Amino acid sequence: MHKILFAASEIHPLIKTGGLGDVAGSLPVALKGLRQDIRLIMPAYREAVQHAGDLQTVATLSVSGATDPVTLLEGWLPGTKIRLYLVAAPHYFDRPGGPYGPNGQDWPDNAARFALFARAAAAVALDQAGLGWQPDIIHCNDWQTGLIPALLAGASPRPATIFTIHNLAYQGLFSWEVFQSLALPQAWWSPQALEFYGQCSFIKGGLVFADWLTTVSPTYAQEIRTPAFGCGLEGLLQHRAQRLVGILNGADYQSWDPRHDPFIAKNYNVRTLNLKAANKADLQRRFNLPQIKDVPLLGHVGRLVDQKGIDLLLDIIPALLQQPLQLAVLGSGEPRFEQALLKWAQRYPERIGVHIGYNEELAHCIEAGADIFAMPSRFEPCGLNQIYSLRYGTVPVVRRTGGLADSVVNSSAETLAAASATGFLFNEASALALLDELQRALNWYAQPRKWRALMKQGMGQDFSWQHSARQYLKLYRQAQHGPSEA
Ligand code: ADP
Ligand code: GLC
């Protein structure tokens, strides 16, 4: 059994802005199921405190740079036996929103907020909080936790440090002035440490100093070592390649399974697939689309940003309108994408439904009600929606990149015969390639027996955390007992 402290900036159901929240709320549950002593640590955002239920103050921490006292609140991850620590520093965390502001914008003091969080987590990791508990492993996630491995690197004894990259494109970059204001060791202002082209990079704290690096799919682990996906960090990742492992995310089938999903109109399973039609009708109703049974309904849920290739989808709308098809999109993000989508929905309200905003329930209804789920991502470290789509019998059309390539099997006569086909993949990040592939999917859709076979094949896939959690466990073992020199 390992003692593991799992640090993240968002944890579902306390707070979530994307897939990181899903992972941080479900991987630890799987590890607990493997009898590990795993505890969570996250900032005490106002909303998270509201969702966490009973909390006790268990420690006051002396954290350098903090203006107010920093306290540690202890509770449980709702619905689990997983101990939760929330780092309370009201000046930084008792405000609306979570890691980012209510509209997804960066808080101007995010460097100070996550430096403070990192210092508090490092203190807990070194058993300086008076908890009488020192983890063997601290598992950090994304740039918001990047300073933790750096802060721990020189300490002895210390837990082994693991840093998971969920998205290399978000690096936590701050100016020299901000770096100075954080009172971090001056020696860190070096390309061998945090300095990155004249800025201070929080993610480098993880990439340089963690004992082990992981990312959320095997394909992305390869991709980020190349200039096309490395965001300027490919050299460093090449250098650390022996310590970089790709482990595919799992899905939380407690929350995402049409057999018992409480958000959807009608529960169904692989043997009652015809009940999916009730969810399609419900989805059409929710988006004010005509309730036509046989028209293919294309769904998309996600952050409306460049990464997700939403512009490719926008580009092909005129072509899609040439044929019978409905489109339902839920998302929020860059105003230019939000406005473009809304404009199409206003012009063709009978064909295109758009909901701008964050809506957990509607996300489930799209998974259950759509026929096809489109994910034309330019890059996708793992991606969860395509994995959920598979379980809901909603056939994914995805770009062959990152975790999309690792979780969807392209449909062809051969893969259909081999009972492995689950979706459609295209290579090039272009509108034309997306259109071609959607066309191919629509052709299959028009052949009900083939389509049903695809749906069933997808529903039978098992991406539960069991397998991936065991891979993390193997890594923890290696990190704790193996040599820590990279
Ligand atoms: P990323 O983490 O890059 O945003 P993922 O596919 O890993 O992408 O995870 C996205 C998660 O966030 C999924 O659970 C998805 O359903 C959810 N999500 C994204 N946008 C929205 C939205 N507008 N409303 C509700 N849920 C959303
Ligand atoms: C990131 C990635 C996404 C991944 C998620 C959880 O936000 O963009 O692909 O699924 O993290 O690991």
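Computed from heavy atoms alone, side chains included, the values below leave out hydrogens, waters and symmetry copies. Along the sequence shown, residues carry numbers from 1. Because the structure is a prediction, the values reported are computed rather than measured.
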Taking the side chain as everything from C-beta on, heavy atoms only, tell me whether Leu27 gets closer than 4.5 Å to Ile38. no
Assign the ring pair Phe379 / Tyr220 to parallel, tilted or perpendicular, where the plane angle (0 to 90°) is split at 30° and 60°. parallel
Please check this pair: side chain of Asn141 against backbone of Ala7, looking for a donor-acceptor N/O pair closer than 3.5 Å. yes
Classify the side-chain pair Gln439/Gln323 by whether it contains a donor and acceptor separated by less than 3.5 Å. yes
Output yes when a side-chain donor or acceptor of Glu10 lies under 3.5 Å from a complementary backbone atom of Pro99, and no otherwise. no
With a 3.5 Å distance limit and no angle check, can you tell me whether Thr415 reaches the backbone of Ser420 through a side-chain donor-acceptor pair? no
Charged N to carboxylate O under 4.0 angstrom, Glu334 versus Arg303? no
Any non-hydrogen side-chain atom of Val301 less than 4.5 Å from a side-chain atom of Phe373? yes
Which atom of Ile224 lies closest to which atom of Phe229, heavy atoms considered: CG2-O, 3.9 Å
Do Tyr476 and Ile4 make a side-chain contact, defined as non-hydrogen atoms from C-beta onward lying under 4.5 Å apart? yes
Would you kindly say whether Arg440 and Asn443 are connected by a side-chain donor-acceptor distance under 3.5 Å? no
Does the Asp261 side chain pair with the main chain of Phe263, one donor and one acceptor, at a distance under 3.5 Å? yes
Is there a donor-acceptor contact under 3.5 Å linking the side chains of His12 and Ser26? no
Worked check of side-chain contact (heavy atoms from CB on, under 4.5 Å) between Arg477 and His2: CA-CA 8 Å; Arg477 210 169 293 136; His2 300 278; 4.1 Å; yes
Determine whether Leu320 and Leu435 satisfy the following criterion, side-chain contact (heavy atoms from CB on, under 4.5 Å), listing intermediate values before the conclusion. CA-CA 8 Å; Leu320 291 179; Leu435 183 61; 4.0 Å; yes
Salt-bridge contact Arg243-Asp211 (side-chain N to carboxylate O under 4.0 Å): no
Is the shortest side-chain heavy-atom distance between Leu213 and Leu237 below 4.5 Å? yes
Other residues, nucleotides and ligands only: do more than 12 of their heavy atoms fall within 6.0 Å of NE2 on His239? no
Show the numbers, then the answer: is there a side chain to side chain donor-acceptor pair (under 3.5 Å) between Asn427 and Arg400? CA-CA 5 Å; Asn427 290 332; Arg400 189 177 276 108; 2.4 Å; yes
Minimum-distance pair of heavy atoms, taken over all atoms of Thr401 and Glu380: CG2-N, 4.0 Å
Just verifying a value: how many Å separate Leu425 CG and Arg399 CZ, rounded to the nearest 0.5 Å? 10.5 Å
If you count the non-hydrogen atoms of other residues, nucleotides and ligands that lie under 6.0 Å from NZ in Lys450, is the total more than 12? yes
Quick check on ring pair (Phe, Tyr, Trp, His ring centres under 6.0 Å): which of Phe174, Phe163, Phe117, Phe114 does Phe202 satisfy it with? Phe174
For the side chain of Glu367 and the backbone of Ala363, is there at least one donor-acceptor N/O pair under 3.5 Å apart? no
Nearest-0.5 Å distance, OH of residue Tyr45 to CG of residue Asp94: 13.0 Å
Val23 vs Trp465, test: side-chain contact (heavy atoms from CB on, under 4.5 Å). Steps then yes/no. CA-CA 10 Å; Val23 172; Trp465 271 109; 3.9 Å; yes
Answer yes or no: are there more than 12 heavy-atom neighbours, outside Asp54 itself, under 6.0 Å from its atom CG? no
Any heavy-atom pair between the side chains of Leu233 and Lys204 that's under 4.5 Å? yes
Expected output: side-chain Trp107 to main-chain Tyr100 donor-acceptor under 3.5 Å: yes
Any Ile387 side-chain heavy atom under 4.5 Å of Cys382 side chain: yes
Using 30° and 60° as the class boundaries, would you call the ring planes of Tyr268 and Tyr392 parallel, tilted or perpendicular? perpendicular
Shortest non-hydrogen contact between Pro376 and Leu312, atoms and distance: O-CD1, 3.8 Å
Contacts table for residues 286-297: side-chain donor-acceptor under 3.5 angstrom, sequence neighbours left out:
{"unit_1": "Arg286", "atom_1": "NE", "unit_2": "Asp282", "atom_2": "OD2", "d": "2.9"}
{"unit_1": "Arg286", "atom_1": "NH1", "unit_2": "Glu361", "atom_2": "OE2", "d": "3.3"}
{"unit_1": "Arg286", "atom_1": "NH2", "unit_2": "Glu361", "atom_2": "OE2", "d": "3.1"}

Would the number of heavy atoms belonging to other residues, nucleotides or ligands and lying under 6.0 Å from CD of Gln105 be above 12? yes
Can you measure from CG (Leu416) to CG (Asn410) and round to the nearest 0.5 angstrom? 11.5 Å
Strictly below 4.0 Å, N to O, side chains only: are Arg95 and Asp109 in salt-bridge contact? yes
Using every non-hydrogen atom in the two residues, find where Phe196 and Cys231 come nearest and quote the distance to one decimal. CZ-O, 3.7 Å
Are the side chain of Ser332 and the backbone N or O of Ile356 linked by a donor-acceptor pair below 3.5 Å? no
Just by distance, do the side chain of Thr272 and the backbone of Leu275 share a donor-acceptor pair under 3.5 Å? no
side-chain contact (heavy atoms from CB on, under 4.5 Å) for Thr145 and Ile138? Distances and angles first, verdict last. CA-CA 11 Å; Thr145 59; Ile138 180 162; over 6 Å; no
Of Thr164, Val245, Leu34, Ile162, the one forming a side chain to side chain contact (heavy atoms under 4.5 Å, CB included) with Tyr472 is Thr164
Does any N or O in the side chain of His300 come within less than 3.5 Å of the main-chain N or O of Val329, such that one atom is a donor and the other an acceptor? no
Leu273 CG to Met455 CE distance, which is reported to the nearest 0.5 Å: 4.5 Å
Can you confirm whether the side chains of Tyr197 and Gln199 place a donor and an acceptor under 3.5 Å from each other? no
Please examine the side chains of Leu314 and Trp344, heavy atoms only from C-beta on, and report whether any two atoms are closer than 4.5 Å. yes
Heavy-atom pair with the smallest gap, counting every atom of Leu168 and Gly230: CD2-O, 3.3 Å
Using only heavy-atom distances, determine whether the side chains of Lys276 and Thr394 contain a donor-acceptor pair under 3.5 Å. yes
OG1 on Thr219 to CG on Asp406, rounded to 0.5 Å: 3.0 Å
Do Leu14 and Leu84 have side-chain heavy atoms sitting under 4.5 Å apart? yes
Whether Arg113 and Asp106 form a salt bridge (side-chain N of Lys/Arg under 4.0 Å from carboxylate O of Asp/Glu) is what I want to check. no
Ignoring hydrogens and angles, tell me if any N or O in the side chain of Asp142 forms a donor-acceptor pair with the backbone of Ile165 under 3.5 Å. no
At what distance, to the nearest 0.5 angstrom, does CD1 of Ile15 lie from CD of Glu47? 4.0 Å
If you take all heavy atoms of Ala469 and Ala30, which pair is closest and at what distance? CB-CB, 3.8 Å
